[in-house]
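A short worksheet on the structure shown next.
The figures here come from the full heavy-atom set of this structure, side chains too, leaving out hydrogens, waters and symmetry mates. Positions are given from 1, in the same order as the sequence printed here.
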Amino acid sequence: MSRERFVLVLVGAGLLAATLAAASTAIWSYDFGWHLRTGEIILESGGRPPEHDPLSYTAAGTDWVDHEWLFQAVLALVVQAGGVAAAWWVKLLLLAPGTAAMVYGLQRRGVPPVWIAVLGIVALEGARFRFFVRPELAGLALLPFLLLALDRGRRVEAPGPRLRWLALVPALMILWVNLHPSALLAAAVVVAFAAGVMMEERFQGPRARLFAGTAVLSTVCLLANPYGLDVVAVPLRI
């Protein structure tokens, strides 16, 4: 193993340890129980997301677009299998792959290991106050993979690998939109990134067309949820 590779492995291991340390806080988010009970209701109904509010005292029966139904169902499954402690461990397991994706992406861009360490620590310090067991954690976990797929899709020259990287983007959007409404911001990131590549290519050539198609498909994928267009419309109205 080369010295540079050895240093990169040390940096990656250090950032992974830092991620686990930043995420190893107690479960104290105020709506943990609400998300857990909603997930239990989803499982009790055979996996069907709620259409009406079953929990509120003053608004019971009100129409409900549950943007986070998939996270809630998975949370309920995890707690049923291993108790609340299992949910704490899942938080750690969700964040660790994102750190690995960040290290890999920066390394492929030629960023020196020391700067990877600095950027990683800054990112963890800025985000650690949001490391709760709640649906937004899914968005934080998926964001590094989205940025990695877009960046590799832009930089890889071979058409086959480029297409494979960009194929991950709509797949991530389908998963994301059923986990947390921050998928709308993720779609905006995809569109902005695609617009940048298209301008760089002067709106010509296969790369520009591929990114344009990725942006359109990723936006359409926001509708791949049990509530359809309402998932998009409700946050915009709020």
Side-chain angles (χ1 to χ4, degrees), residues 1-23 92-128 130-131 136-173 175-176 182-183 185-219 221:
M1 181 183 293
S2 66
R3 180 177 180 276
E4 183 178 354
R5 179 69 64 177
F6 178 71
V7 171
L8 182 64
V9 170
L10 286 180
V11 168
L15 285 178
L16 180 60
T19 300
L20 299 181
L92 304 185
L93 294 175
L94 272 175
L95 292 169
T99 298
M102 180 189 69
V103 172
Y104 174 78
L106 292 175
Q107 186 268 334
R108 297 295 293 178
R109 288 177 65 94
V111 178
V114 63
W115 282 109
I116 293 177
V118 170
L119 291 172
I121 291 172
V122 170
L124 288 170
E125 178 62 26
R128 67 184 178 86
R130 304 305 308 175
F131 290 168
E136 69 178 273
L137 186 69
L140 290 174
L142 291 176
L143 180 60
F145 291 98
L146 177 67
L147 296 177
L148 176 63
L150 290 170
D151 184 65
R152 298 308 299 159
R154 173 177 173 267
R155 292 178 175 274
V156 171
E157 293 297 330
R162 181 193 305 156
L163 182 60
R164 287 193 290 272
W165 277 110
L166 290 182
L168 291 175
V169 176
L172 287 171
M173 296 303 300
L175 177 61
W176 201 327
S182 57
L185 297 178
V189 169
V190 175
V191 170
F193 197 100
V197 172
M198 291 166 65
M199 287 188 289
E200 184 179 66
E201 298 288 318
R202 299 184 180 181
F203 301 94
Q204 298 176 358
R207 195 193 304 260
R209 291 193 294 271
L210 185 56
F211 268 89
T214 299
V216 171
L217 181 58
S218 297
T219 304
C221 283

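When all heavy atoms of Ser182 and Trp176 are compared, the closest pair comes out as OG-NE1, 2.9 Å. When all heavy atoms of Val190 and Leu146 are compared, the closest pair comes out as CG2-CD1, 3.8 Å. For the residue pair Leu119 and Leu106, the shortest heavy atom distance occurs at CD1-CD1, 4.2 Å. Closest approach of Ala96 to Leu16, counting heavy atoms only: CB-CD1, 3.4 Å. Taking both residues in full, the closest heavy atoms of Ala208 and Met198 are given as O-CG, 3.6 Å, listed atom of the first, atom of the second, then distance. Here the closest heavy-atom approach between residue Met173 and residue Ser218 is recorded as CG-CB, 3.8 Å.
Val191 places a side-chain heavy atom less than 4.5 Å from the side chain of Thr219. Proximity of Ile116 to Leu15: side-chain heavy atoms (C-beta onward) are separated by under 4.5 Å at one or more points. Residues Trp115 and Val11 form no side-chain contact, since every pair of their non-hydrogen atoms from C-beta on lies 4.5 Å or further apart. Residues Leu148 and Trp165 have side chains in contact (heavy-atom distance under 4.5 Å, counting atoms from C-beta outward). Looking only at side-chain heavy atoms (C-beta outward), Val189 and Leu147 come within less than 4.5 Å of each other. Counting only heavy atoms from C-beta outward, the side chains of Phe193 and Arg154 approach each other to under 4.5 Å. In this structure the side chain of Arg108 reaches within 4.5 angstrom of the side chain of Arg152, judged on heavy atoms.
Rounded to the nearest 0.5 Å, atoms CZ (Phe211) and CZ (Arg162) are 8.0 Å apart. The line from OG1 of Thr99 to CG of Leu124 is 5.5 Å long, rounded to the nearest 0.5 Å. A distance of 5.0 Å separates CG in Leu210 from CG in Leu166, rounded to the nearest 0.5 Å. Separating the OG1 atom in Thr214 from the CG atom in Leu168 is a distance of 10.5 Å, to the nearest 0.5 Å. Rounded to the nearest 0.5 angstrom, Arg109 CZ and Asp151 CG are separated by 4.5 Å.
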